[in-house]
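Here the structure is a predicted model, which is why all the values come from computation and not from measurement. Start at 1 with the first residue, then count along the sequence.
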Amino acid sequence: MSIIVNLDVVLANRKVRSKDLASATGITGQNLSLIKQGKIKGLRFSTLNEICRHLECQPGDILVYCEDAFFSDDSA
């Protein structure tokens, strides 16, 4: 089971560049890249709120639970 991050899909659908989202939300480009790749262990609600506010979307548009998805945990 895993949480899939679809931020890149939402950005493409809304024709918003990562650079523009980063500058509009105050998230660094590097952190935004890590979020898009799903290489994060957590996401603050305030960060998710800013992303959703700027993209005019719901958290469920960005984060999707998938029971059958492979999850690679490097800490194991």
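The side-chain contact (heavy atoms from CB on, under 4.5 Å) test applied to N31 returns I27, T28, L34, not counting sequence neighbours. R44 is linked by a salt bridge (charged side-chain N to carboxylate O under 4.0 Å, His left out) to nothing, counting only residues two or more places apart in sequence or in another chain. Residues satisfying the side-chain contact (heavy atoms from CB on, under 4.5 Å) criterion with S18, sequence neighbours excluded, are L11, L32, K36. Residues satisfying the side chain to side chain donor-acceptor pair (under 3.5 Å) criterion with D20, sequence neighbours excluded, are R17.
A distance of 6.5 Å separates CG in L63 from CG in L43, rounded to the nearest 0.5 Å. If you take OG on S2 and CD on E67, they are separated by 11.5 Å, rounding to the nearest 0.5 Å.
Sorted by first then second residue, the salt bridge (charged side-chain N to carboxylate O under 4.0 Å, His left out) pairs that include residues 26-35, not counting sequence neighbours, number zero. Within the structure, salt bridge (charged side-chain N to carboxylate O under 4.0 Å, His left out) pairs that include any residue of residues 24-33 do not occur (at least two apart or interchain). Within the structure, no pair that satisfies the side-chain hydrogen bond (donor to acceptor under 3.5 Å, both in side chains) test touches residues 6-15, not counting sequence neighbours.
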Show me, pair by pair, the donor-acceptor contacts under 3.5 angstrom made by side chains of residues 52-60, not counting sequence neighbours?
unit_1 : atom_1 : unit_2 : atom_2 : d
R53    : NE     : E50    : OE1    : 3.2
R53    : NH2    : E50    : OE1    : 2.7

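For T25 (side chain) and L21 (main-chain N/O), a donor-acceptor pair under 3.5 Å exists by modelled atom type.
Under a hydrophobic clustering in which Ile, Leu, Val, Met, Phe, Trp and Tyr are joined whenever their side-chain heavy atoms come within less than 4.5 Å, directly or via other members, V10 and F45 fall into different clusters. Cluster annotation: L7 and Y65 are assigned to the same hydrophobic cluster (Ile/Leu/Val/Met/Phe/Trp/Tyr, side-chain heavy-atom contacts under 4.5 Å, transitive).
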Next on the checklist: Between I62 and L48, does the side-chain contact (heavy atoms from CB on, under 4.5 Å) criterion hold? Intermediate values first, please.
Outcome noted: CA-CA 9 Å; I62 297 171; L48 184 58; 4.3 Å; yes

